[in-house]
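To start, the structure under review is shown below, and the notes come after it.
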Amino acid sequence: MSPDHPPGLDLDRLRVLLDRERPGLVTGPLSGRLIEGGRSNLTYAVSDGAARWVVRRPPLGHVLATAHDMRREHRVISALHPTDVPVPRPVLLCEDEEVLGAPFYVMEFVEGTPFRTAEQLAPLGSERTRAAVLNLVDTLVGLHAVDPAEAGLADFGRPDGFLDRQLRRWAKQLDASRNRDLAGIDELHATLGRELPRSPAPTVVHGDYRLDNVLIGGEDDEIRAILDWEMSTLGDPLTDLGLLAMYSSPLGMPDSPVSTTAQAPGHPAPAELIERYATRSGRDVSGVAWYTAFAWFKLAVILEGIHYRYTLGQTVGRGFDRIGDLVPVFIEHGLTTLQKG
């Protein structure tokens with residue numbers, strides 16, 4: 001297919017659907033392109049020459065529908081859009097697989113930049129980088145301040161036993177990818193299980209909250225939209241904070257295939273982000289080391305799964321040959337975080 005007609009996006013069928021369900025929305029021929037950077041679901045930018053939208057759908061040939069739940073993503077952004085949480089305006093949910101071969105949804109296109117690396121942040125300079133990352137924390141506080149019931153999300157998840165289920169889920173994922181010895185991984189998992197904290201009141205949890213999952217733009221480098229809600233649920237808000245702290249920690253590995261923005265000049269240290277969250281949210285974060293260590297464990301499992309698929313010849317692209325070397329680094333960071341408390 002041509003660049004304007006990428007795989008998984010039938011523009012003719014999409015146009016028919018939009019004309020029927022949102023008459024007058026589209027005023028010209030549609031073109032589309034795949035937006036790079038997505039880790040799971042596919043994201044396309046679509047335009048009629050005058051306006052732009054985003055189409056989000058599961059990957060081609062997906063098997064587990066529950067892992068790519070378009071209804072779920074559409075529901076959470078629809079619920080949050082009337083609040084102060086910055087999300088794209090939802091346009092349409094389509095669960096008819098005859099249109100694109102899978103359920104999908106359409107939302108507004110939001111201008112902004114997802115900063116994925118320290119090199120991308122560097123041109124902003126120290127002051128703007130610092131402000132942007134602190135704003136990331138403030139936006140997370142805003143998300144966690146939303147009353148799920150008032151937003152219509154009271155049944156969006158099962159917060160009781162949330163941390164225990166999360167730990168069991170990722171242990172199961174690890175077992176599915178075991179094909180080599182990983183020193184410390186079972187110790188990390190066991191320690192996390194023994195020291196399971198008591199969760200605060202549940203909130204809407206993003207599940208993958210970090211700088212490259214938000215769009216930053218405008219003169220004030222404001223957060224214009226939070227993206228990638230596929231892991232969102234109701235649960236323990238400190239899991240979002242722990243993940244953000246992890247992604248704000250230097251890996252200590254030059255040229256790592258998994259980058260963080262932590263080395264960018266002006267980037268606040270994890271301790272400052274945690275303190276800011278505590279001050280602005282009023283939550284007790286004294287046990288945040290567990291949540292950060294859990295984030296290291298979860299990412300170690302995810303990376304080991306990628307490495308496992310690489311050994312089977314099921315991945316294509318640059319950097320996959322070095323993913324396996326990262327896993328012990330994440331395990332060590334997790335153990336160290338727990339030891340230091």
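Nothing here was measured: the structure is a model prediction, and the numbers come from that model.
R13 and D96 are not joined by a salt bridge, as no carboxylate oxygen comes within less than 4.0 angstrom of a charged side-chain nitrogen. Salt bridge absent: R165 and D160 never bring a charged side-chain N and a carboxylate O closer than 4.0 Å. Ion pair R71/D69 not flagged as a salt bridge, since none of the NZ, NE, NH1 or NH2 atoms sits closer than 4.0 Å to an Asp/Glu carboxylate oxygen.
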Would you give me the side-chain donor-acceptor pairs under 3.5 Å for residues 334-341, sequence neighbours excluded?
{"from": "T336", "atom 1": "OG1", "to": "E332", "atom 2": "O", "distance (Å)": "2.9"}
{"from": "T336", "atom 1": "OG1", "to": "E332", "atom 2": "OE2", "distance (Å)": "3.2"}
{"from": "T337", "atom 1": "OG1", "to": "H333", "atom 2": "O", "distance (Å)": "2.7"}

Would you list the atom pairs, donor with acceptor, under 3.5 Å between side chains in residues 218-225 and any protein atom, with sequence neighbours excluded?
{"from": "D221", "atom 1": "OD1", "to": "R128", "atom 2": "NH2", "distance (Å)": "2.9"}
{"from": "D221", "atom 1": "OD2", "to": "R128", "atom 2": "NE", "distance (Å)": "2.7"}
{"from": "D221", "atom 1": "OD2", "to": "R128", "atom 2": "NH2", "distance (Å)": "3.4"}

Check residues 18-30 and write down every donor-acceptor pair under 3.5 Å in which the side-chain atom is one partner and the other belongs to a residue at least two apart or another chain.
{"from": "D19", "atom 1": "OD1", "to": "R15", "atom 2": "NE", "distance (Å)": "3.1"}
{"from": "D19", "atom 1": "OD2", "to": "R15", "atom 2": "NE", "distance (Å)": "2.9"}
{"from": "R22", "atom 1": "NE", "to": "V91", "atom 2": "O", "distance (Å)": "3.0"}
{"from": "R22", "atom 1": "NH2", "to": "V91", "atom 2": "O", "distance (Å)": "2.8"}
{"from": "T27", "atom 1": "OG1", "to": "D48", "atom 2": "OD2", "distance (Å)": "3.1"}

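Residues passing the side chain to side chain contact (heavy atoms under 4.5 Å, CB included) test with A183: none are found, sequence neighbours excluded. In this structure, F162 has no ring pair (Phe, Tyr, Trp, His ring centres under 6.0 Å) partners at least two apart in sequence or on a different chain.
There is no path of hydrophobic side-chain contacts, each under 4.5 Å, that joins V110 to L143. Transitive grouping of hydrophobic side chains (ILVMFWY, heavy atoms separated by less than 4.5 Å) keeps L215 and W53 in distinct clusters. Both L100 and L92 are assigned to one and the same hydrophobic cluster, defined by single-linkage of ILVMFWY side chains at heavy-atom distances under 4.5 Å. Hydrophobic cluster membership differs between V205 and W229, with clusters built from Ile, Leu, Val, Met, Phe, Trp and Tyr side chains linked at under 4.5 angstrom. Put simply, V99 and Y44 are part of the same group of oily side chains (I, L, V, M, F, W, Y) that touch within less than 4.5 Å, one to the next.
The shortest distance between side-chain heavy atoms of I302 and Q173 does not fall below 4.5 Å. Proximity of H81 to M107: side-chain heavy atoms (C-beta onward) are nowhere separated by under 4.5 Å. Side-chain contact check for P88 versus L227: some heavy-atom pair is nearer than 4.5 Å. Here the side chains of P200 and P237 are in contact, with some heavy-atom distance below 4.5 Å. Taking the side chain as every heavy atom from C-beta outward, L243 and Y291 never approach each other to under 4.5 Å. Put simply, the side chain of T261 does not reach to within 4.5 Å of the side chain of Y247, judged on heavy atoms. Between V54 and Y105 there is no side-chain heavy-atom pair separated by less than 4.5 Å. With a 4.5 Å cut-off on side-chain heavy atoms, L303 and H307 do not count as touching.
Here the shortest heavy-atom pairing between A102 and P58 reads CB-CD, 3.9 Å. The shortest non-hydrogen separation linking L234 to A154 is CD1-O, 3.5 Å. When all heavy atoms of T292 and A245 are compared, the closest pair comes out as OG1-CB, 3.9 Å. Nearest approach of G32 to P6, heavy atoms of both residues: O-CD, 3.4 Å. Closest approach of S248 and A262 over heavy atoms only: O-CB, 3.3 Å.
The side chain to side chain contact (heavy atoms under 4.5 Å, CB included) test with H144 is passed by exactly one of V204, L238, L241, T203: T203.
To the nearest 0.5 Å, atoms CZ (F294) and CG (L196) are separated by 9.5 Å. Considering CE of M70 and CD of E95, their distance stands at 10.5 Å, rounded to 0.5 Å. Distance check: T117 OG1 to D212 CG gives 9.5 Å after rounding to the nearest 0.5 Å. Taking CZ of F156 as the start and CZ of R72 as the end, the distance is 4.0 Å to the nearest 0.5 Å. Note that OG1 of T113 and CG of L121 are 10.0 Å apart. Values are rounded to the nearest 0.5 Å. Rounding to the nearest 0.5 Å places CG of L9 at 8.5 Å from CZ of F104.
A donor-acceptor pair under 3.5 Å is absent between the side-chain atoms of Q263 and the main chain of A118, judged by distance alone. Between the side chain of D236 and the backbone N or O of L163 there is no donor-acceptor pair closer than 3.5 Å. With hydrogens and angles ignored, the 3.5 Å screen pairs no side-chain donor or acceptor of T129 with any backbone N or O of S126.
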TODO: Kindly indicate, with the supporting measurements, whether the criterion side chain to side chain contact (heavy atoms under 4.5 Å, CB included) is fulfilled by L134 and L273.
DONE: CA-CA 7 Å; L134 292 179; L273 302 183; 4.0 Å; yes

TODO: Evaluate the criterion side chain to side chain contact (heavy atoms under 4.5 Å, CB included) for residue pair M246 and L299; output intermediate values, then yes/no.
DONE: CA-CA 10 Å; M246 187 215 73; L299 265 292; 3.8 Å; yes

Task: Audit row: R210, D228, salt bridge (Lys or Arg N to Asp or Glu O under 4.0 Å) steps and yes/no - done: CA-CA 10 Å; R210 59 183 190 271; D228 291 356; 5.9 Å; no

Open item on the list: Between T139 and V214, does the side chain to side chain contact (heavy atoms under 4.5 Å, CB included) criterion hold? Intermediate values first, please.
Closed with: CA-CA 10 Å; T139 303; V214 303; over 6 Å; no

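Checked by atom type, the side-chain pair R158/T233 shows no donor-acceptor distance below 3.5 Å. Under the 3.5 Å distance criterion, with hydrogens and angles disregarded, no donor-acceptor pair is assigned to the side chains of R52 and S47. For the residue pair T191 / E187, no side-chain donor-acceptor distance below 3.5 Å is found, with atom types taken as modelled.
Ring geometry for Y209 versus H206: interplanar angle over 60°, hence perpendicular rather than tilted (30 to 60°).
Within 6.0 Å of atom CG in D175, more than 12 heavy atoms from other residues, nucleotides or ligands are found, so the atom counts as buried in its surroundings.
For residues 283-304, the pairs satisfying salt bridge (charged side-chain N to carboxylate O under 4.0 Å, His left out) are R180-E304, with sequence neighbours left out.
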